[in-house]
Amino acid sequence: MFGMMLLLLPMSLRAAEKDSLQVLWVGNSYTFFNDLPATVRDIAASQDLKLAVTRVLKGGEKLSGHWQNPVLQKALKRGGWDYVVLQEFSSTPAYSTESVARDIYPYAHQIDSMAKAHSPNVQVIYYMTWGHKYGNVRQTDYPLDDNYELMQERIKTAYIEMAWMNHSWCAPVGMAWQQVRRERPELQLYTADCFHPSPLGSYLAANVIVTTILQRPYQTEVTRDLPAETAEYLQQVGQQTVLDNLRLLNIKP
């Protein structure tokens with residue numbers, strides 16, 4: 001599962017649904033676990049916003065690997081995108097500043113630039129992920145990812161910088177995740193491996209991303225079978241995290 005490539009290019013769907021906004025998702029298992037793009041699509045539909053979803057996803061992939069994938073380059077060059085959502089590998093944004101600047105930022109810029117060159121009206125969104133439950137599971141020698149709080153701060157900085165450097169937006173999933181951990185630690189956002197998202201984690205991520213697109217509060221009956229109170233809480237945290245931090249996230253209404 002983690003090594004597979006998922007690619008759906010719904011060209012016939014584009015022709016049939018000209019009123020849909022086209023969203024290209026570029027990422028890895030943090031995106032395809034619990035089918036995050038479908039949840040975003042369904043919540044958006046509940047707000048009368050039609051999204052057509054395309055996925056270029058590969059388990060464990062980094063933006064550097066995606067950039068070298070001719071399938072992604074072909075999709076970007078085809079154009080017609082309204083949103084492109086970019087997600088880096090879970091651990092690497094928490095590495096040293098030198099490593100992030102060398103191994104992530106250039107590839108984010110190249111993908112971002114190609115998207116904008118062929119889709120002039122596109123909005124690129126950097127999907128900020130979250131720290132692993134107990135710190136980086138890869139156990140690097142770098143001390144600033146030794147625990148959750150340190151790792152989360154590194155990831156937050158990396159994603160916000162990518163958004164600002166490329167004049168794009170940041171969807172602050174990791175920031176919302178941190179708030180839930182502080183307020184409702186009994187909610188299990190992680191799977192048993194302590195880093196992938198549970199259904200609750202993916203639902204929280206979906207509401208952050210929908211709010212990033214809508215830039216307004218909303219209510220939705222799309223709950224993905226979560227208890228109503230839990231779903232409402234995650235919706236509110238996701239919305240608040242975006243709407244209270246528009247300048248930080250480089251989202252300018």
Side-chain angles (χ1 to χ4, degrees), residues 1-2 25 27-47 59 85 87-91 93-94 125-138 145-160 170-214 216-245 248-249:
M1 180 177 184
F2 294 102
W25 293 80
N28 50 54
S29 58
Y30 272 34
T31 297
F32 69 67
F33 258 51
N34 309 306
D35 202 350
L36 174 62
T39 303
V40 169
R41 178 197 63 207
D42 293 349
I43 295 173
S46 76
Q47 305 304 306
V85 183
Q87 180 242 318
E88 170 64 14
F89 185 66
S90 70
S91 300
I125 299 173
Y126 288 88
Y127 161 20
M128 180 201 295
T129 56
W130 49 87
H132 299 168
K133 191 172 185 178
Y134 302 111
N136 197 340
V137 299
R138 295 185 175 271
D145 62 5
D146 279 350
N147 60 48
Y148 165 75
E149 294 288 348
L150 289 171
M151 187 177 186
Q152 181 56 58
E153 195 61 28
R154 295 292 299 168
I155 291 171
K156 172 183 172 181
T157 298
Y159 274 96
I160 289 173
C170 180
V173 176
M175 292 167 60
W177 196 286
Q178 187 173 40
Q179 181 174 337
V180 172
R181 281 190 50 148
R182 289 172 176 170
E183 293 180 349
R184 299 280 298 275
E186 76 279 6
L187 295 181
Q188 297 299 318
L189 299 177
Y190 300 89
T191 59
D193 64 17
C194 298
F195 59 99
H196 279 106
S198 71
L200 276 73
S202 293
Y203 186 74
L204 175 64
N207 280 278
V208 171
I209 293 169
V210 170
T211 309
T212 301
I213 294 171
L214 292 178
R216 62 169 174 79
Y218 60 87
Q219 290 185 315
T220 179
E221 295 182 355
V222 177
T223 63
R224 287 296 188 260
D225 297 322
L226 298 179
E229 183 276 333
T230 301
E232 175 67 19
Y233 170 71
L234 295 174
Q235 290 172 32
Q236 293 302 314
V237 172
Q239 293 174 39
Q240 176 188 356
T241 304
V242 175
L243 298 176
D244 288 353
N245 293 284
L248 177 68
L249 305 169

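Computed from heavy atoms alone, side chains included, the values below leave out hydrogens, waters and symmetry copies. The first residue of the sequence shown is numbered 1, and numbering continues consecutively from there.
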Checking [X] side chain against [Y] main chain: does a donor-acceptor pair fall under 3.5 Å?
| X | Y | result |
| --- | --- | --- |
| Gln152 | Asp145 | no |
| Asn245 | Leu248 | no |
| Asn28 | Tyr30 | yes |
| Asn136 | Ala94 | no |

Any salt bridge linking Asp42 with Arg224? Criterion: basic side-chain nitrogen under 4.0 Å from a carboxylate oxygen.
yes
When you check the gap from the basic side-chain N to the acidic O, do Arg181 and Glu149 get nearer than 4.0 Å?
no
Set of residues satisfying side chain to side chain contact (heavy atoms under 4.5 Å, CB included) with respect to [X], sequence neighbours excluded:
| X | result |
| --- | --- |
| Gln179 | Glu183, Val237, Gln240, Thr241 |
| Leu150 | Leu144, Asn147 |
| Asp146 | Pro143 |

Determine whether [X] and [Y] make a side-chain contact, defined as any pair of heavy atoms from C-beta on separated by less than 4.5 Å.
| X | Y | value |
| --- | --- | --- |
| Gln47 | Arg216 | yes |
| Thr212 | Leu249 | no |
| Ile160 | Met128 | yes |
| Phe195 | Lys133 | no |
| Val242 | Pro172 | yes |
| Leu234 | Leu200 | yes |

For [X], all residues meeting side-chain hydrogen bond (donor to acceptor under 3.5 Å, both in side chains), sequence neighbours excluded:
| X | answer |
| --- | --- |
| Glu153 | none |
| Trp177 | Tyr190 |
| Gln235 | Tyr203 |

What is the minimum heavy-atom distance between [X] and [Y], and which atoms define it?
| X | Y | answer |
| --- | --- | --- |
| Ser90 | Met151 | O-CE, 3.9 Å |
| Asn34 | Pro197 | ND2-O, 3.1 Å |
| Ala231 | Leu226 | CB-CB, 4.3 Å |
| Val173 | Ala205 | CG1-CB, 3.6 Å |

Going by atom types only, do Gln239 and Asn207 share a side-chain donor-acceptor pair under 3.5 Å?
no
Between Gln188 and Ser198: side-chain donor-acceptor atoms closer than 3.5 Å:
no
Rounded to the nearest 0.5 Å, how far apart are [atom1] of [X] and [atom2] of [Y]?
| X | Y | atom1 | atom2 | result |
| --- | --- | --- | --- | --- |
| Glu221 | Ser46 | CD | OG | 8.5 Å |
| Leu214 | Ile209 | CG | CD1 | 12.0 Å |
| Tyr159 | Met175 | OH | CE | 14.5 Å |
| Glu232 | Thr220 | CD | OG1 | 10.0 Å |
| Phe33 | Ser202 | CZ | OG | 8.5 Å |
| Ser29 | Leu36 | OG | CG | 11.5 Å |

Does atom CD of Glu229 have more than 12 heavy-atom neighbours from other groups under 6.0 Å away?
yes
Test side-chain contact (heavy atoms from CB on, under 4.5 Å) on Val210 and Tyr218 and set out the steps.
CA-CA 10 Å; Val210 170; Tyr218 60 87; 3.8 Å; yes
Determine the interplanar angle of the Tyr127 and Trp25 rings, folded into 0 to 90°, and report it as parallel if under 30°, tilted if 30 to 60°, perpendicular if over 60°.
perpendicular
Going through the checks in order, is the side-chain contact (heavy atoms from CB on, under 4.5 Å) test met by Asp35 and Thr39?
CA-CA 7 Å; Asp35 202 350; Thr39 303; 5.6 Å; no
When the ring centroid of His132 is compared with that of Tyr148, is the distance short of 6.0 Å?
no
